[in-house]
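The chain is numbered in sequence order, starting from 1.
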Amino acid sequence: YTDISGRSGTTGGARSSAGMASSPCGNSNFDSGLEIKTRSVEQTLIPLVSQITTLINHKEKPKKSERTLAAIHRVGQAVSVAVGRFVAVGEAIAAENQELKDEMGQACFEARRAGDAIAQLTDVGSALPSQSDGRVTVFSDRTGMVKAARLLLSSVTKVLVLADRIVIKQIITSRNKVLVTLDHLERVSTFQEFVQIFSQFGNEMVEFAHLTGDRQNDLKDEKKKARMAAARAVLEKCTMMLLTASKTCLRHPDCESARINKDAVFHRMRCALEQVIEIVTEARSCGENKILPASIYNGIKDFKSSVECLRENLYSLSPEILGSQLEALVERTEDFTDSAYTSHEQRQAILNLCQLVRQDTQQLMHAWIEAQSLHAKEATEDMEVAILKTCQSVSDLRHELHKVAVGRASDLLKVHGEQLPLRALKAAGAEGNLEVVAEYSRTLTEQKEQLVETCRLLCHVSGTEPLEITCIHAEETFHVIGPQIISAAQTLALHPSSKIAKENLEVFCEAWESQLCDMALLLREINDVFEGRRGDKRPYLSLPRPGVSITQPEQTSIAKLGLELRLLSSDVDTELEKWEEQEHDIVRQSQSLASMAYNMYLFTRYPLGTAQYTYACML
């Protein structure tokens, strides 16, 4: 094929389309601001590139049969018509968004001009019949076709990228609405006012969840997708915490632990909202582009790469640089060896392997320096043996570290699966026993520290940057929810008859248990990567999972109904606390109906089967 810059080459049709689809952002002649960051823009360009490729593939042979000519003419006209429709949409977008009017108008003008040029170049009426064989000659202006194709792809890409800004604007606008309502929620002083504003907040969160969910699935960058998933998971789980924590504060306005509990939820939601905006706008604040902690996996990968490069080039780096890489790698293993939770046998195995890697690297350096002194152009036999030994020993180190991290995580999940501290905190809180609450708060804090450190070790061996991000999210979640459970338990112990305080503690305990389930899935994915399998990514979606045939309006209605039903159920619980007599069956029946309605919502939210519904109820 011949690409849009006029260079020739050969490849399959699919590859040529894909290659040309990326050319608008890869070619230095295009605006550097036209980098394609979403799959939807990329996929929109591919059919157009395919049609243009068909046209350009024929310009090397100007004489065409009538059948070929007719096909080329149809393709040219199809491109022109498609561009016309495309430009009409672009112009409509420009009319509705004045800040993009000039840029979008210019891009649409260029696209229309290029589409007209291609239609003219493929017009049968402009073709000339040959004197010798009666065949028709087209594409005599080779430069014109290449120029028109380049202009078309450039302008269409620019229109798409500009349209993508509208999507970003919608997300920002939706976030701003959520923030304003969040501020109102934080300042309410009556339960009636809270119910009214929370209903509005629920609708706005559903809209925000749809927009950000679509954006997450559309992103090409896997790291950004992982960060978006983490932020959306925080927002989804914090919505219920916000409801119960706010209600508890309203019911017990003078309770300091209730206020601390509520403030932590609002702060975390604002941080998550800000992280979403940083991702979609690529802002460079202290939150966005936060450098990931240096992982042992990446250190080993870089070290092995440097070692293996010596086979081809003895002078690609200096022995000092290789030695520095090794020492940085060994230093990172201190997260394992310095841990109080690492057994003596595990610590000694890691130290022994680090020493072995040092010895093998030292032998490699001796062979390397000797080869350089002989002015060898490639690795000697001694060097090759040393390279193999060094790579093997560093791989053994990685295997041992993976075994330690995964083993500890598995053991912790088994222990914490019993949820003894959580059960004890609930019981002590309900009895109003502050002393026992304090005792099991210390136990939970120790468990939290173990889980936080284990997530840090898993980050070292995760194997991919998206999984590293998920490990960091798990670490932050345990770090935040642990103290929130304690403050919720203290509130209940101070007000043991408060059903709202009891419900609040239940919600935070469920969030802890949910994060343990997420950690188990994360552990499986890390094992899949280590063993060369790539497990399916677990979606963090606030609405029905992919594969369910529910339209978006239906999804929105279901989600809104769910929030309303949960709020109704909470309202009934609150009202029930005001009735001391047992004979008020109507109120109690209303409570049961509200609970039943919410369970029905959960079933519609997870329609893939009873197992998912049961799991949703557990969460």
Query raised in the report: Between the side chains of Glu204 and Gln200, does any donor sit under 3.5 Å from an acceptor?
Result: yes
Query raised in the report: From Cys471 SG over to Glu476 CD, what is the distance, rounded to the nearest 0.5 angstrom?
Result: 11.5 Å
Report task. Report the C-alpha separation of Thr477 and Trp512 in whole Å, then their side-chain angles, then the decisive distance to 0.1 Å, and conclude whether the side chain to side chain contact (heavy atoms under 4.5 Å, CB included) test is met. Result -> CA-CA 8 Å; Thr477 301; Trp512 179 275; over 6 Å; no
Requested in this report: Determine yes or no for a side-chain-to-main-chain donor-acceptor pair under 3.5 angstrom, with Ser514 supplying the side chain and Glu510 the backbone.
Outcome: no
Query raised in the report: Does the pair Ile197 and Thr181 meet the rule for a side chain to side chain contact (heavy atoms under 4.5 Å, CB included), with working shown?
Result: CA-CA 7 Å; Ile197 297 177; Thr181 309; 3.6 Å; yes
Query raised in the report: Just wondering, do Val234 and Met269 contact through their side chains at under 4.5 Å, heavy atoms?
Result: no
Query - Salt bridge Glu91-Arg112, side-chain N to carboxylate O under 4.0 Å - result: yes
Query raised in the report: Quick one: does Asn97's side chain have a donor or acceptor within less than 3.5 Å of a partner on Leu100's backbone?
Result: no
Query - Closest contact, heavy atoms only, Phe194 versus Leu243 - result: CE2-CD1, 3.6 Å
Query raised in the report: Any side-chain heavy-atom pair from Asp221 and Glu282 closer than 4.5 angstrom?
Result: no
Query raised in the report: Quick one: CG on Leu235 to CD on Gln275, what's the gap to the nearest 0.5 Å?
Result: 9.0 Å
Query raised in the report: Below 4.0 angstrom, N of the basic side chain to O of the carboxylate: do Lys262 and Glu186 qualify?
Result: no
Query - From CG (Leu522) to SG (Cys455), nearest 0.5 Å - result: 7.5 Å
Query - From CA spacing to verdict: salt bridge (Lys or Arg N to Asp or Glu O under 4.0 Å), Lys169, Glu99 - result: CA-CA 11 Å; Lys169 178 183 173 183; Glu99 70 275 16; 3.0 Å; yes
Query raised in the report: Cut-off 3.5 Å, side chains only: do Thr470 and Arg227 have a donor facing an acceptor?
Result: no
Query raised in the report: With no hydrogens and no angle check, do the side chains of Gln106 and Glu110 hold a donor and an acceptor under 3.5 Å apart?
Result: yes
Query raised in the report: Donor-acceptor pair, Ser174 side chain versus Gln170 backbone, under 3.5 Å?
Result: no
Query raised in the report: Given side chains that start at C-beta, do those of Leu219 and Ile279 come closer than 4.5 Å, heavy atoms only?
Result: yes
Query raised in the report: Just by modelled atom types, is the Arg150 backbone N or O under 3.5 Å from a matching donor or acceptor in the Ser154 side chain?
Result: no
Query raised in the report: Would you say Ser155's side chain and Leu152's backbone share a donor-acceptor pair under 3.5 angstrom?
Result: yes
Query - pair Ile526-Thr464: side-chain heavy atoms closer than 4.5 Å - result: no
Query raised in the report: Should Ser462 and Tyr297 count as side-chain neighbours, where that means a heavy-atom distance under 4.5 Å?
Result: no
**Report entry** Salt bridge Asp183-Arg270, side-chain N to carboxylate O under 4.0 Å
**Finding:** yes
Query - Asn504 (side chain) donor-acceptor with Ala245 (main chain) under 3.5 angstrom - result: yes
Report task. Without swapping roles, check the side chain of Lys101 against the backbone of Glu96 for a donor-acceptor pair under 3.5 Å. Result -> no
Report summary line: Per side chain to side chain contact (heavy atoms under 4.5 Å, CB included), Val480 is matched among Glu475, Arg268, Gln515 by Arg268
**Report entry** Residue Gln98 excluded, over 12 heavy atoms near CD under 6.0 Å
**Finding:** yes
Requested in this report: Write down the atom of Val83, the atom of Ala111, and the distance for their closest heavy-atom approach.
Outcome: CG1-O, 3.3 Å
Report summary line: Closest non-hydrogen contact found for Ile93 with Ala163 is CD1-CB, 4.1 Å
Query raised in the report: Out of Lys220, Arg39, Lys158, Arg215, which residue meets the salt bridge (charged side-chain N to carboxylate O under 4.0 Å, His left out) rule with Asp164?
Result: Arg215
Report summary line: Rounded to the nearest 0.5 angstrom, the CG-CD1 distance for Leu211 and Ile168 is 12.0 Å
Report summary line: salt bridge (Lys or Arg N to Asp or Glu O under 4.0 Å) filter on Lys177, not counting sequence neighbours, yields Glu207
**Report entry** Heavy-atom pair of closest approach, residues Phe208 and Ile171
**Finding:** CE1-O, 3.7 Å
Requested in this report: Assess the side chains of Ser295 and Asn298: does a donor N or O sit below 3.5 Å from an acceptor N or O?
Outcome: yes
Query raised in the report: Taking atom CZ of Arg232 and atom OG1 of Thr212, what is their separation to the nearest 0.5 Å?
Result: 4.0 Å
Query raised in the report: When you look at Val188 and Phe198, which way does the side chain to side chain contact (heavy atoms under 4.5 Å, CB included) test go after all the steps?
Result: CA-CA 10 Å; Val188 297; Phe198 188 86; over 6 Å; no
Query raised in the report: Do Lys223 and Glu468 sit within salt-bridge range, that is, some charged N less than 4.0 Å from a carboxylate O?
Result: no
Query raised in the report: What closest approach, in Å, do Ala148 and Ala117 show between heavy atoms, and which atom pair accounts for it?
Result: CB-CB, 4.0 Å
Query raised in the report: How long is the span from the CE atom in Met205 to the CG atom in Asn203, to the nearest 0.5 Å?
Result: 11.5 Å
Query raised in the report: Between Ile469 and His473, does a side chain to side chain contact (heavy atoms under 4.5 Å, CB included) hold up when you go through it step by step?
Result: CA-CA 6 Å; Ile469 291 168; His473 166 67; 5.6 Å; no
Query raised in the report: For Thr244, does its backbone N or O pair with a side-chain atom of Thr248 as donor and acceptor, under 3.5 Å?
Result: yes
